[in-house]
Amino acid sequence: MNGRTALVTGSTDGIGVAIARARATGGAQVIVSGRNAERGEQVVQSILDGGGEARFAGADLSSGAGVRALAAAAGPVDILVNNAAMLLAPQPTTDVPEDVIDQALATNIKAIFLLTGLMAPAMADRGTGAIVNVGSINGLVGMAHSALYSATKAAIHSLTKSWAAEYGPSGVRVNTVAPGPTITPVMAAHADRLQRITARAPSQRPSTPEQIAAAVAFLVSDDAANVHGATLSVDGGLSAI
């Protein structure tokens with residue numbers, strides 16, 4: 001990763017922080033991105049304290065203007081990790097407000113579509129680059145009361161395949177990491193629930209953010225030089241059974 005620049009969206013919390021730190025540990029200069037500048041600067045400082053290189057680029061990806069501003073602030077990158085997403089609490093389809101549908105589609109699909117369209121062409125011009133979209137187990141299996149979130153993640157999995165076909169011939173690899181239940185700071189208070197969900201998985205335990213970050217690290221590395229359009233599930237085998 002030495003000499004490479006990586007933009008990680010949604011890297012001021014949870015899985016995104018682990019991905020950003022892992023890329024910095026690998027030698028890349030990391031652009032930490034998110035809406036909360038204070039948290040973003042804390043992540044940057046933790047990377048700097050560990051001997052890595054990082055800077056913060058604020059971003060509100062709920063609008064096209066915000067996406068374009070982030071692309072301009074980031075500049076050319078070698079690695080793009082589309083991690084930012086609007087999380088949605090489970091609820092019946094009939095209870096989901098229309099404005100929430102619009103927000104989820106804008107943040108979880110439109111923003112990634114626009115940002116990739118802004119960043120991938122420069123990678124293609126250079127003949128090299130790696131993009132990882134963070135999907136979800138929700139995009140792979142049916143889950144009651146999760147129709148909207150699942151639909152947005154299934155769309156991400158589909159976009160990965162389309163972009164692999166579109167940009168792969170120009171040397172840009174596009175892949176997906178699909179986390180299952182993961183012990184993030186937000187979910188730490190629901191450890192018992194996570195354990196119940198993962199009890200039937202082969203591993204019988206939830207993932208950690210660092211395990212998700214390790215999967216991303218593989219897909220952006222030269223070890224995955226011929227991996228295109230793949231979905232790497234990190235869910236203890238839950239989606240496989």
Side-chain angles (χ1 to χ4, degrees), residues 1 4-24 28-48 52-88 99-123 129-136 148-149 152-153 155-156 159-160 163 167 172 174-177 179 182 184-186 209 212-213 216-217 219-220:
M1 294 295 105
R4 301 182 189 179
T5 301
L7 170 60
V8 184
T9 67
S11 50
T12 60
D13 195 12
I15 291 172
V17 174
I19 294 172
R21 287 174 175 161
R23 292 303 79 237
Q29 180 189 72
V30 177
I31 302 171
V32 175
S33 176
R35 285 191 282 189
N36 190 307
E38 182 178 358
R39 287 207 308 256
E41 294 295 350
Q42 290 173 351
V43 176
V44 167
Q45 190 59 52
S46 71
I47 291 173
L48 296 177
E53 294 184 62
R55 63 183 173 91
F56 176 69
D60 181 353
L61 301 182
S62 63
S63 70
V67 174
R68 289 186 286 274
L70 174 59
V77 300
D78 304 288
I79 297 165
L80 170 62
V81 181
N82 285 311
N83 170 69
M86 177 181 176
L87 298 178
L88 299 166
D99 66 314
V100 173
I101 298 174
D102 293 338
Q103 292 169 22
L105 295 179
T107 303
N108 293 12
I109 302 176
K110 180 181 176 181
I112 292 174
F113 192 99
L114 292 175
L115 187 59
T116 300
L118 290 167
M119 309 299 280
M123 296 181 186
I131 298 172
V132 174
N133 299 318
V134 178
S136 173
L148 178 57
Y149 184 73
T152 65
K153 289 302 183 178
I156 295 307
L159 286 171
T160 291
W163 286 332
Y167 296 112
V172 182
V174 187
N175 294 288
T176 295
V177 167
T182 305
T184 62
V186 172
I212 310 303
V216 173
L219 288 175
V220 302

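The structure displayed is predicted, hence computed values, not measured ones. Note that these values count all heavy atoms, side chains included, but never hydrogens, waters or copies made by symmetry.
Annotation for Ala74 and Arg55: closest pair O-NH2, 2.9 Å, computed over non-hydrogen atoms. Considering every non-hydrogen atom in both Leu118 and Ala71, the closest pair reads CD1-CB, 3.8 Å. The heavy-atom pair separating Val220 from Val132 by the smallest distance is CG1-CG2, 3.5 Å. Taking all atoms of both residues into account, the shortest heavy-atom contact from Tyr149 to Ser136 is CE2-OG, 3.9 Å. Listed here is the closest heavy atom pair of Leu148 and Ala104: CD2-CB, 3.8 Å. Closest heavy-atom contact between Arg35 and Ala59: CG-O, 2.9 Å.
The distance from atom CD1 of Ile79 to atom CD1 of Ile31, rounded to the nearest 0.5 Å, is 10.5 Å. Here the CG atom belonging to Asp102 is positioned 10.5 Å from the OG1 atom belonging to Thr107, to the nearest 0.5 angstrom. Taken from CE in Met86 to CG in Leu61, the straight-line distance is 13.0 Å, to the nearest 0.5 Å. Note that NZ of Lys110 and OG of Ser63 are 7.5 Å apart. Values are rounded to the nearest 0.5 Å. Separating the CD atom in Glu41 from the CG atom in Leu48 is a distance of 9.0 Å, to the nearest 0.5 Å. Rounding to the nearest 0.5 angstrom, the gap separating the CG atom in Asn36 from the CZ atom in Phe56 is 7.5 Å.
Side-chain atoms of Thr160 and Asn133 form a donor-acceptor pair, as typed in the model, at a separation below 3.5 Å.
You'll find the side chain of Trp163 reaches within 4.5 Å of the side chain of Thr116, heavy atoms only. Under the 4.5 Å side-chain criterion, counting only non-hydrogen atoms from C-beta, Asn108 is not in contact with Ile156. Pro185 has its side chain within reach of Asp13: a pair of non-hydrogen atoms, C-beta onward, lies under 4.5 Å apart. With a 4.5 Å cut-off on side-chain heavy atoms, Asp78 and Met123 do not count as touching. For the pair Met119/Ile131, no side-chain contact is recorded, criterion being any heavy-atom separation below 4.5 Å from C-beta on. When side chains are defined from C-beta on, Thr182 counts as touching Pro209, because their heavy atoms get closer than 4.5 Å. Side-chain contact between Val43 and Val30 is absent, with no heavy-atom pair separated by less than 4.5 Å. Considering only heavy atoms from C-beta on, Val32 comes within 4.5 Å of Ile47 through its side chain.
The main-chain N or O of Gly10 is never found under 3.5 Å from a side-chain atom of Ser33 such that the two would form a donor-acceptor pair.
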Would Ile19 and Ser11 satisfy side-chain contact (heavy atoms from CB on, under 4.5 Å), going step by step from the backbone distance to the final call?
CA-CA 7 Å; Ile19 294 172; Ser11 50; over 6 Å; no
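More than 12 heavy atoms of other residues, nucleotides or ligands sit less than 6.0 Å from atom CZ of Arg39.
Residue Gln29 forms a side chain to side chain contact (heavy atoms under 4.5 Å, CB included) with just one option from Glu53, Arg23, Arg4, and that option is Glu53.
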